[in-house]
There are 2 protein chains.
Amino acid sequence: MVKGDGSDSSVSWQSIRDTMMTRIRAQDYAPGELIPNEVDLAAEFGCARATVNRALRDLATSGFLDRRRKAGTRVREAPRRKATLSIPLTRAEVESSGARYDYRLLERAIETPPPLVRETLKLSGTERLLHVKSLHLADDVPHMFEDRWIVLETVPAIETVDLAKTSPNVWLVRHLPYTHGTMEFLAETAGARSRHLICADDDPVLTMLRVTWLDASPITFARQSFSPSHRMRLEL
Amino acid sequence: MVKGDGSDSSVSWQSIRDTMMTRIRAQDYAPGELIPNEVDLAAEFGCARATVNRALRDLATSGFLDRRRKAGTRVREAPRRKATLSIPLTRAEVESSGARYDYRLLERAIETPPPLVRETLKLSGTERLLHVKSLHLADDVPHMFEDRWIVLETVPAIETVDLAKTSPNVWLVRHLPYTHGTMEFLAETAGARSRHLICADDDPVLTMLRVTWLDASPITFARQSFSPSHRMRLEL
DNA sequence: GAGTGGTCTAGACCACTTG
DNA sequence: AAGTGGTCTAGACCACTCT
């Protein structure tokens, strides 16, 4: 059958996805049980198998279905839900809340890495690293303090960048996409950072550790500590 | 051309994706610039347009490309990277670290919600909520303290569940998938929770707030506080 | 061995957007 | 008006894995 042949018969993969999602929620298909195969569903919906495939693939990616060749498609008993954190570019994060963003370079030096950084980035210890401390503000109020190490062997070009104008993160995002990395959240006391964040030494602050790699080469280690009241929000 | 016709000519969408990714990284296609359209790329790779489409759609989903009808496909200047946090089922999280998981129900009561919960869940204040406090342990060491409110109007069935055996979260995941929700991370001082987490009152703890909904109906509000040394890890 | 999902093709129409 | 991506179809072969 051809679209536009007058029968107005085409079915969208989204509508199939939605229908199947409704059935899963209503437990028309019991958790853990097989659902009909693609050929049968295509017959039911009156569409091509590829269209059903697209819909079910989407639900599998979303974590509601488990698909295996020959074994068929099952409803996951405990949906593997994922939260996606669109990685905050600090400027966008601040401005989206309606505040004016400001960035200040506090320190810039080329040093050999301390043990924590050396081990995390799997360095020998003799490498030259660019060490940058900076403060990010929202409406002139301290928002986040960043302490970052950048491996010059991996990113030589950043040595000549004027980091008073461009924050290291912005420069890196634009010039050196990473291949993979990790992010960790933890709670710490502000300690020495209290001076920049304008809070008490023993205030709890949310800290985000980020490490990124370009294949096997370490790029950067960043410790970003947010002002005490800050919350990191994710949509589910 | 047909697969298996002896010419061994089929090209996978993954290989096209990888090739295009390499070109993006190498800046063969400059950031912000148009890349060739699907028809031209299909000709170059010697495959059907649908195959190119699948590859480029994947890169767009991953945040490296921006696609618009008529306007064409552009390389994103600042890749919109996403971190995915596979939502931790506490038991799996603990056991994946090799520790033995344990769960203890501390308190269970049916109450009217305090202001914070009422406002967050958009309740009138007269609803009956199930209020549950529990402790999750790893090798008998406190790992996470949870204070949770569950809206009985939305989830009446949970009133008769033996929550000493099944944690509220496990029950909810299995019986009532949510449609959407939010998650927030913040740093707090342990305060009264120190008794359960076995730490000092002023130790900083990482707290995760979770609110979930079934369409317009509020399901639950949970405040989970992790033991002081804990880090929440995400892969990039 | 056989059933199921994964993918590719060639062609077509459609939807959106820019010029 | 026209170019580009988005999607659907019908058919085919393949890869995986369960029995």
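Below, chain A is the first sequence line, B the second, and so on; all start at residue 1. Bear in mind that the values here come from a model prediction, so they are computed numbers and not experimental data.
- Residue B:Glu38 places its side chain closer to D:dG6 than to any other of C:dT4, C:dC8, D:dG6.
- Look at CZ on A:Arg17: it is 16 Å from C1' on D:dC8, rounded to the nearest Å.
- Rounded to a whole Å, the CH2 atom of A:Trp13 is 15 Å from the P atom of C:dG6.
- Note: CG (B:Asp58) to P (D:dT7) measures 14 Å, nearest angstrom.
- Across the protein-nucleic acid pair, A:Asn37 atom CG and D:dC18 atom P stand 16 Å apart, rounded to whole Å.
- The side chain of B:Lys70 lies closest to C:dT18, out of C:dT18, C:dA12, C:dG6.
- Distance B:Arg68 CZ to C:dA15 P: 19 Å, rounded to the nearest Å.
- Put simply, CZ on B:Arg69 is 7 Å from C1' on C:dC14, counting in whole angstrom units.
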Discussion item. side-chain contact (heavy atoms from CB on, under 4.5 Å) for B:Leu206 and A:Leu206? Distances and angles first, verdict last.
Written reply: CA-CA 7 Å; B:Leu206 180 66; A:Leu206 180 66; 3.5 Å; yes

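- In this structure, B:Ala50 and A:Arg49 both approach DNA chain D, and ranking their closest nucleotides by distance from the 5' end singles out B:Ala50.
- Around CZ of A:Arg104, the count of heavy atoms belonging to other residues, nucleotides or ligands within 6.0 Å does not exceed 12.
- Counting non-hydrogen atoms of neighbouring residues, nucleotides and ligands closer than 6.0 angstrom, the CD atom of A:Glu153 reaches no more than 12 such neighbours.
- The phosphate of D:dT7 (OP1 or OP2) has no side-chain N or O of A:Thr51 nearer than 4.0 angstrom.
- Contact between the side-chain N/O atoms of B:Thr73 and the OP1/OP2 oxygens of D:dG5 is found at a separation under 4.0 Å.
- Computed from coordinates, the B:Leu34 CG to D:dG3 C1' distance equals 12 Å when rounded to whole Å.
- Dashed line: the shortest gap from a side-chain N or O of B:Gln14 to OP1 or OP2 of C:dT7 is under 4.0 Å.
- Between B:Arg74 and B:Asp66 there is no salt bridge, since no side-chain N of the basic residue sits under 4.0 Å from a carboxylate O of the acidic one.
- Where A:Arg57 and A:Ala71 meet DNA chain C, the nucleotide closest to each residue was compared, and A:Ala71 sits on the side nearer the 5' end.
- Put simply, CZ on A:Phe45 is 13 Å from P on D:dC8, counting in whole angstrom units.
- Between B:Arg223 and B:Asp147, none of the side-chain N atoms (NZ, or NE/NH1/NH2) sits under 4.0 Å from a carboxylate O, so this pair counts as no salt bridge.
- The side chain of B:Asn53 lies closest to D:dT7, out of D:dT9, D:dT7, C:dG5.
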